[in-house]
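Read the structure below first, then the notes.
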Amino acid sequence: FDAAMNIQSNTEKTVFWSHTKYLLIGEEAARENIARYIDFVARDHELQLNIEVYIVKGTTANDLIMKFNQSEFYIAEKLDSLSRNSKLLGISEDLNTAHLMRFFDFHFGSARIPCIQLVNRVTGYEQTMPDIEPFGYAIVADLKLVSFIGRDIARGVNLITNKLDSSIVTVKDLNGGGVSLEIILSNTEVIPHFSGDNLEEVTLKTKVFSNLGEIESQVSSIYEENFKYMESQQSEILKAEMKKVVEVIQEAQSDCLGICDMIRLKAPLKWHKIEDKWIDILPNLKINVEVESKIRRSYELDEPSVYKGMK
């Protein structure tokens, strides 16, 4: 609050805080305590609760802003682009301050927050330009940043939390050619297994539906055996990502995936008996991952464009 007053005292114009769209928190600041920054936003009467939150990996928010603004682009426009396109690759999601506050309250001070990082983008021969790209998620436990989930497995987060709208999985067909599968629909069910009142394990049961987006092979790929072969690869790729995500959050002792929500909905009476011990149970809980994939169809072409007449 004191910093906000100092900003106003150094300009002849009135700072209209209701125009704020993004809250950037540097990695070091997030490791100290995220709640203090969210509290400022929540208390101030001018700031809105729909401000989108990002953690800046590897540097301070000020450093990222100063360096990026050396490029030809304006940082707010870049963040607009990231927010708008975050669903295309399935490695991030939007999170505003209101949703973050609620997540903290219902998940024992745990949360997952979209993460960005500053990179040097090659623009020409021996020329680079500062740019911003999504990194994945920052993992919060007890209101402090404790770990990261990188973009290589961030899709696993969105699968588990049913936030995945679209993503591309690259597999091989039976001919050895590359195939791009576009995930068009997915759903994960969290199934708790109790022995009496004791939670023994949890199963994450995921179903994924995909379409054929690109086929490298110049021979027919539209037949059942080939589909099953590609579906099996996709299932294993996604299963590995989800299992790695589970390992990270258990090590961080953070229910940033909201697994407790699904257990509470499935078995509310039994959940009530373990609720106070949940954060102690989570790190050692056996969590199984099952993934079933189904390829629905191709798009405009069932066969490669030069397939006709080939022998």
Side-chain angles (χ1 to χ4, degrees), residues 1 3-4 17 20-57 60-61 79 83 86 91-116 134-150 154 156-158 160-163 188 190 192 199 202 245-266 268 271-272 274-283 285 287:
F1 189 79
W17 292 105
T20 304
K21 295 179 64 176
Y22 300 102
L23 174 62
L24 306 184
I25 304 175
E27 179 176 339
E28 184 177 345
R31 290 191 183 277
E32 292 177 358
N33 189 338
I34 292 178
R36 59 188 294 191
Y37 305 104
I38 304 302
D39 180 82
F40 165 68
V41 173
R43 289 178 186 275
D44 193 282
H45 66 283
E46 291 188 31
L47 292 166
Q48 306 296 312
L49 292 180
N50 61 353
I51 297 172
E52 293 186 31
V53 185
Y54 289 98
I55 300 297
V56 179
K57 186 178 187 299
T60 65
L79 294 175
S83 176
S86 63
I91 60 173
S92 187
E93 64 180 289
D94 293 337
L95 178 70
N96 62 40
T97 50
H99 289 154
L100 180 57
M101 291 165 60
R102 182 186 181 280
F103 209 93
F104 280 148
D105 289 342
F106 285 90
H107 300 85
F108 310 93
S110 302
R112 62 185 186 278
I113 303 175
C115 185
I116 57 177
F135 178 79
Y137 290 98
I139 304 305
V140 178
D142 195 24
L143 302 177
K144 298 178 182 179
L145 171 65
V146 293
S147 186
F148 291 99
I149 290 178
V157 173
N158 289 358
I160 295 172
T161 58
N162 290 317
K163 296 291 186 178
T188 296
V190 178
L199 180 62
V202 168
V245 167
V246 170
E247 291 175 6
V248 173
I249 67 108
Q250 286 187 304
E251 183 178 351
Q253 299 183 39
S254 170
D255 190 14
C256 61
L257 304 178
I259 293 175
C260 65
D261 293 337
M262 298 301 103
I263 298 175
R264 181 170 59 245
L265 291 174
K266 291 276 187 177
W271 164 253
H272 181 69
I274 66 170
E275 181 176 2
D276 293 338
K277 300 178 289 185
W278 172 241
I279 291 300
D280 296 323
I281 293 173
L282 178 61
L285 180 64
I287 301 179

Over all heavy atoms of both residues, which pair between Met101 and Ile38 is shortest? Give the atoms and the distance, please. CG-CG2, 3.3 Å
Can you tell if the side chain of Ile259 reaches within under 4.5 Å of the side chain of Ile287, non-hydrogen atoms only? yes
For the residue pair Glu251 and Ser147, confirm or rule out a side-chain donor-acceptor distance under 3.5 Å. no
Atom CG in Leu100, atom CZ in Arg112: separation rounded to 0.5 Å? 10.5 Å
Would you mind reporting whether Ile149 and Ile139 have side-chain heavy atoms less than 4.5 Å apart? yes
Ile34 and Leu145 have their tightest heavy-atom pair at CD1-N, 4.4 Å
So which atom in Thr161 and which in Val157 form the shortest heavy-atom distance, rounded to 0.1 Å? OG1-O, 2.8 Å
Taking salt bridge (Lys or Arg N to Asp or Glu O under 4.0 Å) as the test, write out the residues that go with Asp261, two or more places apart. Arg264
Return yes if some donor-acceptor pair links the side-chain N/O of Gln253 with the main-chain N/O of Leu282 below 3.5 Å, else return no. no
Nearest 0.5 Å, please: how far is CD in Glu247 from CD1 in Ile249? 10.5 Å
Starting from the C-alpha separation in whole Å, work towards a yes-or-no answer on side-chain contact (heavy atoms from CB on, under 4.5 Å) for Glu93 and Tyr137. CA-CA 9 Å; Glu93 64 180 289; Tyr137 290 98; 3.1 Å; yes
Does atom CD of Glu28 have more than 12 heavy-atom neighbours, drawn from other residues, nucleotides or ligands, at distances under 6.0 Å? no
Which residue, Leu49, Asn50, Ile51, forms the side-chain contact (heavy atoms from CB on, under 4.5 Å) with Leu47? Ile51
Heavy atoms only: give me the nearest Ser254-Ser110 pair and the separation to one decimal. OG-CB, 3.3 Å
For Tyr54 and Tyr22, take the angle between the two ring planes, folded into 0 to 90°, and tell me which bin it lands in: parallel under 30, tilted 30 to 60, perpendicular over 60. tilted
How close do Trp271 and Cys260 get, counting heavy atoms only, and between which atoms? CH2-CB, 3.3 Å
Are Val56 and Ile116 close enough, and set up right, to give a side-chain contact (heavy atoms from CB on, under 4.5 Å), and what steps lead you there? CA-CA 5 Å; Val56 179; Ile116 57 177; 4.3 Å; yes
I want to check something: taking the side chain as every heavy atom from C-beta on, are Asn96 and Val53 in contact at a cut-off of under 4.5 Å? no
Between Val190 and Leu257, is a side-chain contact (heavy atoms from CB on, under 4.5 Å) present by the stated rule, with each step listed? CA-CA 11 Å; Val190 178; Leu257 304 178; over 6 Å; no
Counting heavy atoms not belonging to Lys163, are there more than 12 under 6.0 Å from its NZ? no
Gap between atom CD1 of Ile55 and atom CZ of Phe135 - 0.5 Å precision: 13.0 Å
Surrounding CD of Glu46 (heavy atoms of other residues, nucleotides or ligands, distance under 6.0 Å), is the total greater than 12? yes
Starting from the C-alpha separation in whole Å, work towards a yes-or-no answer on side-chain contact (heavy atoms from CB on, under 4.5 Å) for Cys256 and His107. CA-CA 7 Å; Cys256 61; His107 300 85; over 6 Å; no
May I ask you to test the Gln48-Thr20 pair for a side-chain heavy-atom distance under 4.5 Å? no
From Ile281 atom CD1 to Ile274 atom CD1, the distance as rounded to the nearest 0.5 Å: 4.5 Å
So, does Asn162 use its side chain to make a donor-acceptor pair with the main chain of Thr188 at under 3.5 Å? yes
Side-chain donor or acceptor of Asn33 paired with backbone N/O of Ala35 under 3.5 Å: yes
Judged by atom type as modelled, is there a donor-acceptor pair below 3.5 Å linking the side chain of Asn158 to the main-chain atoms of Ser92? yes
Working to the nearest 0.5 Å, report the span between CG of Asp94 and NE2 of His99. 10.5 Å
Please examine the side chains of Leu79 and Leu24, heavy atoms only from C-beta on, and report whether any two atoms are closer than 4.5 Å. yes
Counterpart residues, ring-ring contact (aromatic ring centres under 6.0 Å, His included), relative to Phe104 (two or more places apart): none
Which residues pass the side chain to side chain donor-acceptor pair (under 3.5 Å) test with Trp278, not counting sequence neighbours? Asp255
